[in-house]
Visitor: 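Sharing a structure here in structure tokens format.
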Amino acid sequence: MDVVSIKDALAGKVAEGAKVRTRGWVRTRRDSKAGISFIQVNDGSCLANLQWVVPATLANYQDEVLRLTSGAAVEAIGTLVRSQGQGQAFELQADSVQVYGFVDDPETYPIQPKPHSFEFLREVAHLRPRTNAFGAVTRVRHAIAQAIHRFFDRQGFCWVNTPIITASDCEGAGQMFRVSTLDLMNLPRNDEGKVDFHEDFFGREAYLTVSGQLAVEAYCLALSKVYTFGPTFRAENSNTPRHLAEFWMIEPEIAFADLNADAALAEALLKSVFRDVLERCGEDLAFFDERVQKGVVSRLEGLVDAEFVRIDYGDAIKVLENCGKTFEFPVHWGADLQTEHERYLTEEYARRPVVVMNYPEEIKAFYMRLNEDGRTVAAMDVLAPGIGEIIGGSQREERLDRLDARMRQFGLEPAAYQWYRDLRRYGSVPHAGFGLGFERLVAYVTGMANIRDVIPYPRTPGNAAF
RNA sequence: UCCCGGAUAGCUCAGCGGUAGAGCAAGUGACUGUUAAUCACUGGGUCGCAGGUUCGAUCCCUGCUCCGGGAGCCA
């Protein structure tokens, strides 16, 4: 007999009156003196539960069915029929119920059929996928990942798996986690008394990657259109609702392209993702709209059609200077935009995502291309209402002399970047790319307020328990 | 890391210088093709941890741990 997912059963993909086998975990049980019990069962295939109608005549009714509580793992064979009740179109008239696993102490089972705070659920990260909210987050997260791959695939991009362990300590962004097999209690020392990393696994210092960008640039300058999608690590002591020590990042890189093409790609990618998720995740999005953040669905619908606002950094500064608001951090040309400035631009000025372009060169990374004005670089940030910076990107400096000058300006030794410099020596070409924070995108789409609640097992300072 | 706020039953919270309460959950019973069912009863707490003040601390003070909001770093 076929095993049918609850999603398919409720969607009418199974003929009415068909015998089916369904499985899942109990959400609630209600008993009726009419000689039946109603059991709501969820298998994660969709948000909705399937109602099993279990007659008291089953052999194991007294001993087992009446002992079922939230969380128990069960299987039933029965007939899919139109429901006599109001809440659902179909239900399963059970011929038999098999219990795989009871909840051995129902009083302390953390997941109850009621709303829980997300803070509490973080403490039971292994059980929170059994809630409506985390089931929905998990399905939407998956749908977004698939939508991203589909978008790039359609456009002829290659997914390039850049290394997670990197020996270059110069990827440019933030504090790194060290990777080592040395015995911390007994470190090998060289003549100067310093740790001798020649003895370490890779024969040199190694770290977890903070970005695949430099590595993927090499593939860009051969395959033209590439992207990375993988885990990224930052050992920053960041304690905010939008930072993780381990997160996933998408980094496309396109050859023969300038900053405008980069911004256009970012906008097209985001819109494509929004469109796909709206089409495929209606039930889950409706849940987020109702229970998590009002208006997330109409926000996504609006974004699919609206043009993102593109604004030059210099013009953004003027907007902020003339907006009549007093900011805690004063606005002036040359300063980086603070959170309060970004919020004004996205939430009050534009009321939609804003692409800020061409930042002052001294506040941006060494690899960003110096503009003709000599004081700005071809960098862009995509700022989204409610979540802030969701994408950061740039056109890369493809001219070797300028790149070397910028490295020295930032106190970096060009010799340490030989392979990266080679790309500017052998067939260099204008190219551009950006980094999209995957969890920030999931948070934005779902309306979830804390990034720790859109990744299965969040890693943050002091937190890696699961 | 900095600035605020918080930690009381399995969960969400109220409370008060004299050693604790509600709703939900759980258990039992009643009722019912039920819908986070309803009603009644019952069990359940070293009031975050360690010190201090006090005759007496869950309450006041100090330190620590953890959590939340804001900021910085950024994706």
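Every chain is numbered from 1, with letters handed out A, B, ... down the list of sequences.
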Visitor: Which nucleotide, in any strand shown, forms a Watson-Crick or G-U wobble pair with B:U1, with both distances under 3.5 Å?
Guide: B:A71
Visitor: Can you tell if the side chain of A:Arg141 reaches within under 4.5 Å of the side chain of A:Pro456, non-hydrogen atoms only?
Guide: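 Yes - at least one pair of side-chain heavy atoms lies under 4.5 Å apart.
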Visitor: Does A:Arg440 get its side chain close enough to the base of B:C74, under 3.5 Å, for a donor-acceptor pair?
Guide: yes
Visitor: Pick base, sugar-phosphate or nothing for A:Gln93, based on heavy-atom distances below 4.0 Å to the nucleic acid.
Guide: base
Visitor: When you compare B:C61 with B:A37, how far apart are their C1' atoms, in angstrom units rounded to a whole number?
Guide: 50 Å
Visitor: From CD of A:Glu253 over to C1' of B:A75, roughly how many Å is that when rounded to an integer?
Guide: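 Result: 15 Å.
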Visitor: Which one is paired to B:A7, where only Watson-Crick or G-U wobble pairs with both distances under 3.5 angstrom count?
Guide: B:U65
Visitor: Quickly work out the A:Leu244 CG to B:C73 P distance and round it to whole Å.
Guide: 18 Å
Visitor: Side chain of A:Arg234: nearest nucleotide among B:G72, B:G33, B:C74?
Guide: B:C74
Visitor: Taking atom P of B:U35 as reference, at what distance in whole Å does atom CG of A:Leu92 sit?
Guide: 20 Å
Visitor: Using both distances under 3.5 Å as the test, list the Watson-Crick or G-U wobble partner of B:U46, or none.
Guide: none
Visitor: Can you tell me, in whole Å, how much space there is between the P of B:G45 and that of B:C49?
Guide: 15 Å
Visitor: Out of B:G72, B:A36, B:A75, which has the shortest distance to the side chain of A:Arg242?
Guide: B:G72
Visitor: Reckon A:Gly435 touches a base, only the sugar-phosphate, or nothing at all at heavy-atom distances under 4.0 Å?
Guide: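 Result for A:Gly435 = sugar-phosphate.
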Visitor: Classify the ring geometry of A:His149 against A:Tyr227: parallel below 30°, tilted from 30° to 60°, perpendicular beyond 60°.
Guide: tilted
Visitor: Base, sugar-phosphate or nothing for A:Pro241? Non-hydrogen atoms, less than 4.0 Å.
Guide: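 The answer is sugar-phosphate, as A:Pro241 gets under 4.0 Å only of primed atoms, P, OP1 or OP2.
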Visitor: Within this structure, what is the CG-to-C1' distance between A:Leu50 and B:U34, rounded to whole angstrom?
Guide: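 Going from A:Leu50 (CG) to B:U34 (C1'), I get 15 Å.
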Visitor: Considering heavy-atom distances to RNA chain B, does A:Gly392 or A:Asn463 have its closest nucleotide positioned more toward the 5' end?
Guide: A:Asn463
Visitor: Please give the distance between the C1' atoms of B:C11 and B:A7 as a whole number of Å.
Guide: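 Per the computed distance, 15 Å lies between those C1' atoms.
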Visitor: Using modelled atom types only, decide if a donor and an acceptor are shared between the side chain of A:Arg242 and the backbone of A:Arg440 within a distance under 3.5 Å.
Guide: no
Visitor: Take the angle between the ring planes of A:Phe327 and A:Tyr344 and call it parallel below 30°, perpendicular above 60°, tilted in between.
Guide: perpendicular
Visitor: Look through every strand shown and name the nucleotide pairing with B:A20 as Watson-Crick or G-U wobble, where both distances are under 3.5 Å.
Guide: none
Visitor: Strictly distance-based, threshold 3.5 Å: is any side-chain N or O of A:Asp289 a donor or acceptor partner for the main-chain N or O of A:Val296?
Guide: yes
Visitor: What's the closest nucleotide to the A:Phe329 side chain, out of B:G72, B:A75, B:A37?
Guide: B:G72
Visitor: Give A:Ile391 one of three labels, base, sugar-phosphate or nothing, depending on what nucleic acid heavy atoms sit under 4.0 Å from its own.
Guide: sugar-phosphate
Visitor: Taking atom C1' in both B:C47 and B:A9, what distance in whole Å separates the two?
Guide: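 Looking at atom C1' only, B:C47 and B:A9 are 10 Å apart.
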Visitor: What is the distance from CD of A:Gln175 to C1' of B:G72, rounded to the nearest Å?
Guide: 14 Å
Visitor: Where the side chain of A:Lys33 is defined as all heavy atoms beyond and including C-beta, which of B:A37, B:G72, B:U32 is the nearest nucleotide?
Guide: B:U32
Visitor: Rounding to a whole Å, what distance do you find between A:Glu290:CD and B:A36:P?
Guide: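 So the CD-P distance, A:Glu290 to B:A36, works out to 12 Å.
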Visitor: Which one is paired to B:G33, where only Watson-Crick or G-U wobble pairs with both distances under 3.5 angstrom count?
Guide: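 Because no pair has both required distances under 3.5 Å, B:G33 counts as unpaired.
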Visitor: I need the CZ-P distance between A:Arg30 and B:U34, as an integer number of Å.
Guide: 10 Å
Visitor: Quickly work out the A:Glu439 CD to B:C74 P distance and round it to whole Å.
Guide: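 Whole-Å distance recorded here is 19 Å.
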Visitor: Keeping A:Gln395 on the side-chain end and A:Leu259 on the backbone end, is there a donor-acceptor pair under 3.5 Å?
Guide: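 Yes: the side chain of A:Gln395 pairs with the backbone of A:Leu259.
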Visitor: For A:Arg150, is the CZ atom crowded, meaning more than 12 foreign heavy atoms sit under 6.0 Å from it?
Guide: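 Counting other residues, nucleotides and ligands, CZ of A:Arg150 exceeds 12 neighbours.
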Visitor: Can you identify which nucleotide, out of B:U34, B:C74, B:C67, has its nearest atom closest to the A:Gln51 side chain?
Guide: B:U34
Visitor: So A:Ile39 and A:Val65, do their side chains get closer than 4.5 Å, heavy atoms only?
Guide: yes
Visitor: Over all strands shown, is A:Leu436 touching base, sugar-phosphate only, or nothing at heavy-atom distances under 4.0 angstrom?
Guide: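 Nothing: the residue A:Leu436, judged by heavy atoms under 4.0 Å, touches no strand.
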Visitor: Suppose you measure atom C1' in B:U12 against the same atom in B:C3; what distance do you get, rounded to whole Å?
Guide: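 After rounding to an integer number of Å, I get 28 Å for this pair.
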Visitor: Determine whether a donor-acceptor pair (N or O, by modelled atom type, separation under 3.5 Å) exists between the side chain of A:His116 and the backbone of A:Arg128.
Guide: no
Visitor: I'd like to compare against my own output: the B/S/- annotation of nucleotides 1-12 of chain B with a strict under-4.0 Å heavy-atom distance to protein.
Guide: B--------BBS
Visitor: Quick check: any donor-acceptor pair below 3.5 Å linking the side-chain of A:Arg27 to the base of B:A36?
Guide: no
Visitor: Between B:U46 and B:U35, how far is it from one C1' atom to the other, in whole Å?
Guide: 41 Å
Visitor: Should A:Phe38 be counted as stacked on B:G33, where stacking needs a ring-centre gap under 5.5 Å and an angle between planes under 30 degrees?
Guide: no
Visitor: State the pairing partner of B:U28; accept Watson-Crick or G-U wobble contacts with both distances under 3.5 Å, and report none otherwise.
Guide: B:A40
Visitor: Distance check, P atoms only: B:G18 and B:C2, in whole angstrom units.
Guide: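 Per the computed distance, 36 Å lies between those P atoms.
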Visitor: Which nucleotide sits closest to the side chain of A:Met249: B:U32, B:A75, B:G68?
Guide: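 So the side chain of A:Met249 is nearest to B:A75.
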Visitor: Hey, which of these two, A:Glu340 or A:Glu389, hits RNA chain B nearer its 5' end, going by closest nucleotide?
Guide: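 Comparing both residues, the 5'-ward one is A:Glu340.
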Visitor: Could you tell me whether A:Phe157 and A:Phe229 have their ring centroids closer than 6.0 angstrom?
Guide: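 No, the ring centres sit 6.0 Å or more apart.
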